Structure formats: C-alpha cells, structure tokens
Amino acid sequence: QVQLVESGGGLVQAGGSLRLSCASSGGTFSSYAMGWFRQAPGKERQFVAAISRSGGNTYYADSVKGRFTISRDNAKNTVYLQMNSLTPEDTAVYYCAADPQYYGSIWRRYDYWGQGTQVTVSS
C-alpha cells in the first residue's frame with residue numbers, strides 16, 4: 001500500500017515561491033508515475049503537473065506552464081513541485097498522486113493520494 005505525505009505548503013505573497021514535497025512509502029517509488037493536483041473551495045480538482053516513472057517526461061497544465069516545475073528523486077522516494085511567480089489564483093489544497101499505470105491529467109485515474117497541503121497566496 002503506497003502512502004503519500006505532502007509538505008511545504010503555506011502562506012506566501014503574490015510573486016513569491018514555494019516548493020512542495022511529497023514523500024512516498026510502502027511501494028517501489030520508481031514504479032509509479034506521479035502527479036500534482038489542486039482543489040480550491042467550491043471547485044473541482046484540477047490537474048497541475050505530472051512526471052513519468054523515470055522523470056524523463058513531464059506534463060503541465062497551461063495555467064502553470066513556465067511557472068511550476070515538477071521533479072522527482074527516486075533515491076529519496078520524493079516528488080517535488082517548485083512553484084514560482086505565484087498568484088492568488090494558485091490558492092488551493094495541493095495533492096500528490098501516484099499510479100503504476102497512468103501518467104496524465106485525469107485525477108480519477110490515479111490510485112493513490114496524499115492528504116493535501118494548503119497553499120495560500122495573498123495579493
């Protein structure tokens with residue numbers, strides 16, 4: 001059973017940066033594609049970024065392209081989301097997700113989820 005634990009969220013001013021981490025345990029981390037999603041109050045869960053099992057391929061939502069970077073360290077069983085040039089529209093709970101088969105933007109396709117970490121961007 002894969003367990004995912006996010007960290008690194010917090011309150012930041014617009015234009016600032018945060019780096020989220022998601023630590024994995026209970027499985028072979030390098031066997032899972034990883035994704036980051038976010039959900040703001042009253043809104044649907046939204047795709048942010050995904051990374052393939054090796055880390056060789058990445059995929060971003062248009063809204064974060066050029067500002068966010070997803071990466072992974074398979075030796076540390078951790079995936080990261082570096083977020084730069086944050087805006088209030090980025091405010092949400094951010095979740096990481098893992099799946100042994102699927103690499104993409106559809107949240108329902110991911111089998112494993114973390115509990116989320118709150119990111120709040122003030123104007």
Side-chain angles (χ1 to χ4, degrees):
Q1 182 77 5
V2 175
Q3 293 184 324
L4 304 172
V5 179
E6 301 96 335
S7 61
L11 174 64
V12 64
Q13 288 189 333
S17 298
L18 283 174
R19 188 175 84 151
L20 305 184
S21 300
C22 172
S24 173
S25 61
T28 304
F29 182 69
S30 60
S31 298
Y32 295 86
M34 302 295 296
W36 283 99
F37 293 79
R38 64 188 183 186
Q39 189 164 18
K43 295 189 177 180
E44 291 191 358
R45 191 163 298 190
Q46 180 185 43
F47 170 71
V48 176
I51 189 165
S52 62
R53 286 173 283 189
S54 68
N57 292 293
T58 56
Y59 176 36
Y60 296 93
D62 287 344
S63 59
V64 306
K65 204 173 293 182
R67 301 188 299 123
F68 291 10
T69 302
I70 188 171
S71 62
R72 66 190 295 161
D73 186 337
N74 285 347
K76 295 184 178 180
N77 294 346
T78 301
V79 63
Y80 304 97
L81 185 68
Q82 177 67 44
M83 306 187 295
N84 299 329
S85 302
L86 286 161
T87 74
E89 289 67 37
D90 296 314
T91 295
V93 177
Y94 283 71
Y95 299 90
C96 70
D99 196 272
Q101 303 287 343
Y102 181 71
Y103 158 70
S105 62
I106 302 173
W107 68 267
R108 291 179 179 83
R109 297 287 301 272
Y110 285 82
D111 278 350
Y112 302 101
W113 290 85
Q115 83 290 347
T117 186
Q118 176 71 47
V119 171
T120 303
V121 185
S122 63
S123 57

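Here the structure is a predicted model, which means the values were calculated and not measured. Side chains included, hydrogens not; waters and symmetry mates left out as well; all remaining heavy atoms used.
Side chains of Glu44 and Trp107 form no contact here, defined as non-hydrogen atoms less than 4.5 Å apart. Residues Ser25 and Asn77 fail the side-chain proximity criterion, which asks for heavy atoms closer than 4.5 Å. By the 4.5 Å heavy-atom criterion applied to side chains, Leu20 and Met83 are counted as neighbours. Taking 4.5 Å as the limit, some side-chain heavy atom of Ser7 sits within range of a side-chain heavy atom of Ser21. With a 4.5 Å cut-off on side-chain heavy atoms, Val79 and Ser24 do not count as touching. For the pair Gln13 and Ser122, the minimum side-chain heavy-atom distance is below 4.5 Å. Between Tyr112 and Tyr32 there is a side-chain heavy-atom pair separated by less than 4.5 Å. Counting heavy atoms from C-beta on, the side chains of Arg38 and Leu81 never come closer than 4.5 Å.
Here the side chain of Glu6 pairs a donor or acceptor atom with the backbone of Cys96 at under 3.5 angstrom. The backbone N or O of Ser85 sits less than 3.5 Å from a side-chain atom of Arg67, completing a donor-acceptor pair. Not a single donor-acceptor pair under 3.5 Å links the side chain of Gln115 to the backbone N or O of Val5. For Arg72 (side chain) and Ser52 (main-chain N/O), a donor-acceptor pair under 3.5 Å exists by modelled atom type. The main-chain N or O of Val121 is found under 3.5 Å from a side-chain atom of Thr91 such that the two form a donor-acceptor pair.
Aromatic ring pairs are classed by plane angle as parallel below 30°, tilted from 30° to 60° and perpendicular above 60°; the pair Tyr110 and Tyr102 is perpendicular. The aromatic rings of Trp113 and Tyr95 lie perpendicular to each other, with more than 60° between the two planes, well past the 30° mark.
Here the closest heavy-atom approach between residue Ser17 and residue Asn84 is recorded as OG-OD1, 2.9 Å. The nearest pair of heavy atoms linking Gln46 to Ser63 is NE2-OG, 4.4 Å. For the pair Asn74 and Arg53, the tightest heavy-atom approach, listed with the atom from each and the gap, is ND2-O, 3.2 Å. The two residues Ala40 and Ala92 have their closest heavy-atom pair at N-CB, 3.8 Å. What you find for Phe29 and Asp73 is that their closest heavy atoms are CE2-O, 4.0 Å. Nearest approach of Ala14 to Ser123, heavy atoms of both residues: CB-CA, 4.3 Å.
More than 12 heavy atoms of other residues, nucleotides or ligands sit less than 6.0 Å from atom OH of Tyr103.
Note that OH of Tyr59 is 12.5 Å distant from CG of Asn57, once rounded to the nearest 0.5 Å. Rounding to the nearest 0.5 angstrom, the gap separating the OG1 atom in Thr120 from the CG atom in Asp90 is 11.0 Å. Distance OG1/Thr58 to CD1/Ile51: 6.5 Å, rounded to 0.5 Å.
A single hydrophobic cluster is not seen to contain both Phe37 and Val119; linkage of ILVMFWY side chains at heavy-atom distances under 4.5 Å, directly or through other members, places them apart. Two different hydrophobic clusters hold Tyr80 and Met34 under the rule that ILVMFWY side chains link at heavy-atom gaps under 4.5 Å. Phe68 and Phe47 fall into different hydrophobic clusters, where Ile, Leu, Val, Met, Phe, Trp and Tyr are joined by side-chain heavy atoms under 4.5 Å apart, directly or via other members. When hydrophobic clusters are built by joining Ile, Leu, Val, Met, Phe, Trp and Tyr residues whose side-chain heavy atoms come closer than 4.5 Å, directly or via intermediates, Val48 is grouped together with Leu86. Under the 4.5 Å side-chain heavy-atom criterion for ILVMFWY residues, a single connected hydrophobic cluster contains both Val2 and Tyr94.
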